[in-house]
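Take a look at the structure set out below.
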Amino acid sequence: MERHLSQQELANGITTRTTLSSFEVRKTELSLEHAINYLNRLNVTLSEYEFLLQNTVEREQHQYLRYLKRVDEAQARVYTQILRDKYQQTNDQYFYYLYAQRELLNYRWFSQIFTTDFEDLVSHIKTYLNRIETWGHFEIVLFLNTMSILILSTSFKSSKTCCR
């Protein structure tokens, strides 16, 4: 967002230019009061800033959704490993749950889980969802995706048993 203000002009009367510069390169944190004062000077509301910030974070995360699509078994193994590695690198639960959903899809499509135990995945998801008092969009989507995968997997396995 370009407002044609120098760091000195933006920081004037709020903090020092050095404090603003450090914040911009993510070396320091700002108090809420200073952040709101900066936003006011930029004519940006706190909710607009949050929206802009979330869109940037979500774009990076959403690129990993492509690893949930249906592919052959060899590619599924690669996708599973990419998601697992991303979770291990970042320790971000979002990536764990993408990885878990990938493994549950592997179970549905290939009747196997590649890197861990089925019960561990389901238990981890249940524990997480039970811990959250008020579900947001992420938790609802996780629950619905997990349930639909499990229901389809169970009915697929049942139909294979019935038809033998």
Side-chain angles (χ1 to χ4, degrees), residues 1-71 74-106 113-117 119-149:
M1 175 179 322
E2 186 62 44
R3 296 287 193 218
H4 303 290
L5 290 173
S6 68
Q7 286 182 339
Q8 186 62 46
E9 291 169 322
L10 180 57
N12 189 27
I14 301 171
T15 64
T16 66
R17 188 204 61 77
T18 306
T19 300
L20 175 60
S21 178
S22 293
F23 172 71
E24 284 183 347
V25 294
R26 303 203 188 283
K27 290 184 181 175
T28 62
E29 294 184 7
L30 288 176
S31 70
L32 180 59
E33 179 184 354
H34 289 146
I36 290 172
N37 287 333
Y38 283 146
L39 292 173
N40 286 338
R41 184 156 296 156
L42 293 168
N43 294 320
V44 175
T45 67
L46 190 55
S47 59
E48 288 171 325
Y49 176 74
E50 183 179 19
F51 175 78
L52 293 169
L53 183 63
Q54 285 299 329
N55 275 346
T56 303
V57 171
E58 286 179 12
R59 267 190 240 119
E60 180 197 349
Q61 289 179 333
H62 284 159
Q63 73 179 339
Y64 286 87
L65 290 172
R66 70 176 180 254
Y67 297 120
L68 297 180
K69 68 182 180 184
R70 188 169 194 161
V71 292
Q75 192 63 47
R77 287 180 183 280
V78 171
Y79 285 0
T80 301
Q81 195 60 51
I82 288 169
L83 291 170
R84 186 176 187 204
D85 289 348
K86 185 66 176 179
Y87 165 66
Q88 290 173 337
Q89 291 165 5
T90 64
N91 205 30
D92 184 335
Q93 292 300 304
Y94 176 84
F95 294 110
Y96 177 82
Y97 295 111
L98 284 183
Y99 155 69
Q101 288 176 80
R102 173 76 251 175
E103 282 288 41
L104 292 173
L105 289 168
N106 295 338
I113 288 182
F114 300 143
T115 62
T116 191
D117 179 62
E119 295 303 322
D120 287 344
L121 287 173
V122 173
S123 174
H124 196 102
I125 292 170
K126 281 182 182 178
T127 301
Y128 172 75
L129 291 175
N130 283 330
R131 242 187 20 233
I132 305 299
E133 191 169 314
T134 305
W135 286 6
H137 181 261
F138 177 77
E139 289 79 19
I140 292 169
V141 169
L142 176 63
F143 173 76
L144 292 174
N145 286 350
T146 302
M147 290 308 299
S148 66
I149 293 166

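In this structure, H34 has its ring center no closer than 6.0 Å to that of F23. Proximity of the aromatic rings of Y87 and Y99 is defined here by a centroid distance below 6.0 angstrom, and this criterion is not met.
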Exercise. Quick one: do T90 and Y96 satisfy side chain to side chain contact (heavy atoms under 4.5 Å, CB included)? Show the steps, please.
Key: CA-CA 10 Å; T90 64; Y96 177 82; over 6 Å; no
Quiz item: Which is it for Y64 and I82 under the side chain to side chain contact (heavy atoms under 4.5 Å, CB included) test, yes or no, and what are the steps along the way?
Solution: CA-CA 9 Å; Y64 286 87; I82 288 169; 4.3 Å; yes
Self-check item: Worked verdict on S21 versus E24 for side-chain hydrogen bond (donor to acceptor under 3.5 Å, both in side chains)
Solution: CA-CA 5 Å; S21 178; E24 284 183 347; 5.4 Å; no
Please table the atom pairs, donor to acceptor, closer than 3.5 Å between any side-chain atom in residues 132-141 and protein atoms at least two apart or in another chain.
| from | atom 1 | to | atom 2 | distance (Å) |
| --- | --- | --- | --- | --- |
| W135 | NE1 | L129 | O | 3.1 |
| E139 | OE1 | G136 | N | 2.8 |
| E139 | OE2 | Y128 | OH | 2.5 |

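Within the 4.5 Å cutoff, the side chain of L104 has heavy atoms near those of the I125 side chain. With contacts defined as side-chain heavy-atom distances shorter than 4.5 Å, the pair R84/F95 does not qualify. Side chains of L39 and T45 form no contact here, defined as non-hydrogen atoms less than 4.5 Å apart. For the pair K126 and V122, the minimum side-chain heavy-atom distance is below 4.5 Å. Counting heavy atoms from C-beta outward, I14 and Y38 have side chains that approach closer than 4.5 Å. Counting heavy atoms from C-beta outward, L83 and Y97 have side chains that stay 4.5 Å or more apart. Taking the side chain as every heavy atom from C-beta outward, L20 and T16 never approach each other to under 4.5 Å.
With hydrogens and angles ignored, the 3.5 Å screen pairs no side-chain donor or acceptor of Q81 with any backbone N or O of V78. For R66 (side chain) and Q63 (main-chain N/O), a donor-acceptor pair under 3.5 Å exists by modelled atom type. In this structure, the side chain of S22 engages the main chain of T18 through a donor-acceptor pair within 3.5 Å. Between the side chain of T15 and the main chain of A11, no donor-acceptor pair closer than 3.5 Å is present. In this structure, the side chain of Q75 does not engage the main chain of V71 through any donor-acceptor pair within 3.5 Å. Checking side-chain atoms of N12 against main-chain N and O of Q8 turns up no donor-acceptor pair under 3.5 Å. The backbone N or O of L142 sits less than 3.5 Å from a side-chain atom of T146, completing a donor-acceptor pair.
For the residue pair R17/Q7, the side-chain donor-acceptor check at 3.5 Å is satisfied.
In this structure, I113 CD1 and L121 CG are separated by 5.0 Å, a value rounded to the nearest 0.5 Å.
Residue pairs meeting the salt bridge (charged side-chain N to carboxylate O under 4.0 Å, His left out) criterion with at least one partner in residues 94-105, sequence neighbours excluded, do not occur; the list is empty.
For the side-chain hydrogen bond (donor to acceptor under 3.5 Å, both in side chains) with T80, the qualifying choice from T115, N106, D85 is N106, the only one to do so.
Taking a 6.0 Å sphere around CD of Q89, one finds it holds more than 12 heavy atoms contributed by other residues, nucleotides or ligands.
Shown here for N145 and S148, the closest heavy-atom pair between the two residues is O-OG, 3.0 Å.
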